[in-house]
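Below you'll find the structure, written out as C-alpha cells, and then a few comments.
Worth knowing before you read on, the calculation uses all heavy atoms, side chains too, and leaves out hydrogens, waters and symmetry mates.
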Amino acid sequence: MRASYKKERGGFRVSFQSFSYFAFLPLVAFAYLKLAPKRFQTGLLLAASLLFYWFNRPSAAQYGGLWQALPLALLCASCVFVWRLGLAIQAAAPPRRGRLLAFGAALLLLVLALFKYYNLVLPLLPLAPGALHSLPFPLGVSFYTFAALSYLIDVRRGDLPAERSLVGLAAFLCFFGTITAGPICRARLILPQLKAEHRFEAARTVRALQLFALGLFKKVAVADVLLLFAQQVFGDLSGHGGPALLLALVFYTFYLYFDFVGYSEMARASALLLGLDIPENFKTPFFATNFSGFWSRWHISLSSWLQDYLFTPLVWADASRLPLVGRRVSRLSPVFCVAVVFFLSGFWHGSTLPFVVWGLLQAVYRAGEELLHQRLGKPKKRAPARLLWAKRGAVFCLWVFSMAFFAMGSGVGQPAGAQYGVAEAFALLAGLFRGWAPGRFAAESWQAVLHGYLSAHGGGVRDRRVEPFAFTTNYVQVWCYDLESHTNKLFKTSRIGSVELSEAAWEHQEAHSEGFIDAFRMHGGARRRVRLELGTLAYNLLCEEYPLAERDVKPLGRGRWSLDTEVAGMAGVGRFVVGLLDDIRIVDSPELTGYIREYIAANTPKM
C-alpha cells in the first residue's frame with residue numbers, strides 16, 4: 001500500500017533520491033563551476049532551477065494542457081512581482097513603505113491560501129464549474145512565499161537593500177535545492193553568495209558528497225523503511241491493538257524526522273557542491289528538554305522565521321488600538337503571542353482540520369510551558385542527568401501524541417476512497433488502550449513488517465529476504481540513534497564567561513570587552529533604557545555566525561546589564577534576540593538593531 005501522505009515535494013519526477021537527480025546535479029555543477037563565466041553563473045543557476053521546476057510539473061494524467069504550466073507561471077510571476085515591489089518599497093517615502101509591504105504580503109498570502117485551500121472549499125459550492133474543482137498545487141509554494149515575505153520585510157526595515165537584478169532575486173527564490181522542502185532561506189544570507197564567483201574546490205566537493213550520502217541514507221534506509229510499517233498499521237486502525245498502534249505512531253514520528261532531515265541535508269549538500277552555504281534545519285530535536293528548545297532545533301528555518309516576522313511584531317504591536325482589549329492593555333502578552341504563532345503554524349503545515357488541531361496542541365505546549373516558567377521560575381541550567389532525561393521523555397511523549405493528528409491529516413495508510421481526519425486521529429489514540437496481549441502484538445508487528453516489505457518490493461506471499469530485512473532495519477535504527485547522540489554532543493555548549501566563541505573570536509572579545517550599548521527593556525508597562533555589555537558578541541550575532549541557543553539579560557549592578565547567552569557550537573544562521581526574565585521574553589526592535597549597528601561600526605574592526 002502506497003502512502004497518500006505527500007509533502008509539497010511529494011510525487012514529482014526529479015526528487016533528490018531519484019537517478020535523474022543524480023545526473024541533473026553533476027551536470028549543473030560542472031556547467032556552473034567549470035564552464036560558466038562569473039557574470040553568467042547566476043543566470044545558469046536560475047535556468048537550472050526553472051528546468052528542475054518544470055520537470056516536476058503536475059502529471060498529465062491529472063492536469064492536461066496549460067494547467068501543467070500554471071505552477072511555473074505562478075513562480076515566475078511571483079519573482080517579478082517581489083522584485084518590482086522590493087524596489088518600490090526602497091524608493092518610497094517611509095509612510096508609504098508600510099502600505100506597499102502590507103499590499104505585497106496580503107497578495108502573496110492570498111495566493112498561498114488560494115492554492116492550499118481552493119481544492120477543499122470550492123467543490124462544496126453547488127454552482128462551481130466542474131472544470132474548476134481542482135487546481136494543480138504549485139511545488140514549494142509555502143517555502144518560496146515565506147522566503148519572498150522575509151525579503152520584503154527586510155527591505156522595509158532597512159536591513160537589506162532591494163535587489164536590482166531580477167535574475168539574482170529569482171535565482172534565490174527558485175533555487176532547486178531549497179524550493180522543494182526548504183530550508184526557508186533569508187535573502188541577506190543567499191544574495192551576497194550568488195554575487196560571488198564560485199569555482200570547483202576538491203575539499204568542499206568531498207564534504208558535499210559526504211553530506212548528501214548521509215542525507216540519502218536517512219531518507220531511503222531509515223525514513224522510507226519506517227513508513228512501510230506505519231502505513232500497514234494505520235491502514236487498519238480498528239484491526240490493531242494498542243502496542244502495534246503505539247509502535248507505528250513512534251515509527252511515524254521518527255519517519256517524519258528522518259525524512260525531513262534527510263531532504264534538508266541533501267539540499268544543503270546540493271548547495272554546498274555549488275559553493276553556496278544554506279542554514280541547517282535540524283539539530284537533534286529529540287534531545288531537547290522543553291518545547292522552547294525543541295522548536296529551536298526542529299525546522300529551524302521555519303521557527304526562526306515565525307519568531308522574527310510574526311512573534312516579534314506581535315509582541316511589540318500597539319494593542320491600544322484593538323477593539324475591546326485596547327483600553328486595558330498596551331502590549332499583547334508574550335504568552336498569547338506564542339500561542340497565536342504556533343496555532344497559525346498548523347495552517348502552514350497542512351490544509352485539513354487535523355493540522356489545525358496539531359497547531360493548537362503546539363500552542364498549548366508552548367504557552368503552558370511559558371506559564372509554568374512564570375509561576376515556578378525558569379529551570380536550572382545544570383540539572384541532574386536523570387531529570388534531564390525525564391524531561392526529554394516528557395517532551396517526546398507529548399510530541400508523539402500530537403503526531404497522531406499530523407499523520408491522519410497527511411493520510412498515512414489511508415485506504416483508497418477514504419479520507420482520514422480528526423475522527424481517525426482520536427480513534428488511533430483510543431486504540432492505544434486495547435489489545436495489549438504480547439502474542440497479539442508480536443503477530444501484528446510481524447504481519448506489518450511482512451506486508452510492508454512485500455508491498456514495497458513486489459514479493460510474493462513469502463519472501464526469504466524478509467528476515468534479513470527486519471534484522472537490518474533494527475540495526476539501522478540503533479545506529480541512527482547513536483549517530484544522533486553523537487551529533488547532539490557536538491551542539492552542546494561550554495561556557496567561557498558568558499558566551500562560547502571560536503579561539504580567534506574569544507581573543508578579540510577579550511581585547512574589546514569594555515563596550516556598552518543602549519537597549520530597551522519593558523517592565524511594568526514602561527519602556528526603560530538599559531545598557532548591555534556586548535563587546536564583539538553583538539558583532540558575531542549580527543553577522544549570523546553563531547545561532548542563539550538560550551538568552552537572558554542579567555543585571556551587573558550600577559545600571560549595567562549583560563547579555564548572558566549560550567551559543568551553539570556550530571556555524572549557521574543566527575539572529576540578534578535578547579530574552580528578558582520578566583514579562584517580555586523577546587526584544588528584537590529596529591531601535592535595538594540600529595544601536596548595535598552603530599556600536600559595531602564605531603568599535604569593532606572587521607574579522
Side-chain angles (χ1 to χ4, degrees), residues 253 285-319 322 324-326 328-350 353-381 383 387 390-406 409 422 425-426 429 521-525 548-553 575 577-588:
T253 301
F286 296 129
F287 287 87
T289 57
N290 53 45
F291 275 95
S292 175
F294 182 92
W295 277 102
S296 68
R297 295 164 173 245
W298 175 280
H299 207 336
I300 300 170
S301 62
L302 174 63
S303 58
S304 63
W305 194 100
L306 293 173
Q307 175 171 284
D308 294 345
Y309 299 111
L310 185 55
F311 174 76
T312 300
L314 280 176
V315 167
W316 284 102
D318 184 5
L322 296 176
L324 300 179
V325 300
R328 300 179 182 179
V329 296
S330 59
R331 301 280 182 183
L332 296 175
S333 166
V335 175
F336 172 78
C337 295
V338 165
V340 169
V341 167
F342 280 95
F343 175 66
L344 293 178
S345 72
F347 290 91
W348 185 87
H349 280 88
L353 187 58
F355 288 104
V356 178
V357 178
W358 176 85
L360 181 61
L361 285 174
Q362 304 312 309
V364 171
Y365 294 163
R366 280 292 289 116
E369 183 178 278
E370 291 298 320
L371 291 174
L372 284 176
H373 287 171
Q374 289 183 8
R375 184 173 183 83
L376 304 178
K378 298 187 70 173
K380 296 180 180 179
K381 295 184 181 296
L387 178 60
K391 293 169 69 175
R392 290 183 183 119
V395 170
F396 180 75
C397 291
L398 290 174
W399 179 255
V400 169
F401 176 82
S402 71
M403 284 293 99
F405 297 93
F406 204 100
V422 174
F426 280 112
L429 295 173
R521 179 174 184 266
M522 296 297 299
H523 182 71
L548 291 171
E550 296 183 9
R551 51 270 185 193
D552 291 321
V553 174
R575 57 206 179 278
V577 219
V578 179
L580 298 181
L581 297 176
D582 296 330
D583 52 344
I584 299 297
R585 293 287 178 184
I586 299 296
V587 176
D588 192 15

Begin from the C-alpha positions of L429 and F401 and carry the test side-chain contact (heavy atoms from CB on, under 4.5 Å) through to its verdict. CA-CA 8 Å; L429 295 173; F401 176 82; 3.4 Å; yes
Measure the OG-NE2 distance between S304 and H299 for me, rounded to the nearest 0.5 Å. 9.5 Å
Within 6.0 Å of OH in Y309, more than 12 heavy atoms from elsewhere: yes
Distance check, rounded to the nearest 0.5 Å: F406 atom CZ versus Q362 atom CD? 9.5 Å
Distance from W298 atom CH2 to F286 atom CZ, nearest 0.5 Å? 5.0 Å
So, taking the atom named CG in L360 and the one named CZ in F405, what distance separates them when rounded to the nearest 0.5 Å? 9.5 Å
Rounded distance (nearest 0.5 Å) linking atom CG of N290 with atom CZ of R366: 7.5 Å
Would F343 and V356 count as a side-chain contact (heavy atoms from CB on, under 4.5 Å) if you check the C-alpha gap in whole Å, the side-chain angles of each, and the deciding distance to 0.1 Å? CA-CA 7 Å; F343 175 66; V356 178; 3.8 Å; yes
So do the side chains of F291 and V364 get within less than 4.5 Å of each other, counting heavy atoms only? no
Is the shortest heavy-atom distance from the side chain of P285 to the side chain of W399 under 4.5 Å? no
So, for C337 and L332, which heavy atoms are closest and what is the spacing to 0.1 Å? SG-CB, 3.7 Å
Please report the shortest heavy-atom distance between L306 and S345, naming the atom on each side. CD1-CB, 4.0 Å
Ignoring hydrogens, what is the shortest heavy-atom contact between V341 and L314? Give both atom names and the distance. CG2-CD1, 4.3 Å
Do V335 and V338 have side chains that approach each other closer than 4.5 Å (heavy atoms only, starting at C-beta)? no
Which heavy atom of Y365 sits nearest to which heavy atom of L398, and what is that distance? OH-O, 2.8 Å
Exam field: side chain S303 to backbone W295, donor-acceptor pair closer than 3.5 Å: yes
Show your working on side-chain contact (heavy atoms from CB on, under 4.5 Å) between R297 and F287 and close with a plain yes or no. CA-CA 9 Å; R297 295 164 173 245; F287 287 87; 3.9 Å; yes
Under the side-chain contact (heavy atoms from CB on, under 4.5 Å) criterion, do T253 and F396 qualify, and how do the steps go? CA-CA 10 Å; T253 301; F396 180 75; 4.3 Å; yes
How long is the gap from CH2 on W358 to CZ on F342, to the nearest 0.5 Å? 8.5 Å
So, for A339 and A363, which heavy atoms are closest and what is the spacing to 0.1 Å? O-CB, 3.2 Å
Is E369 reaching over with its side chain to a backbone N or O of S292, donor-acceptor style, under 3.5 angstrom? yes
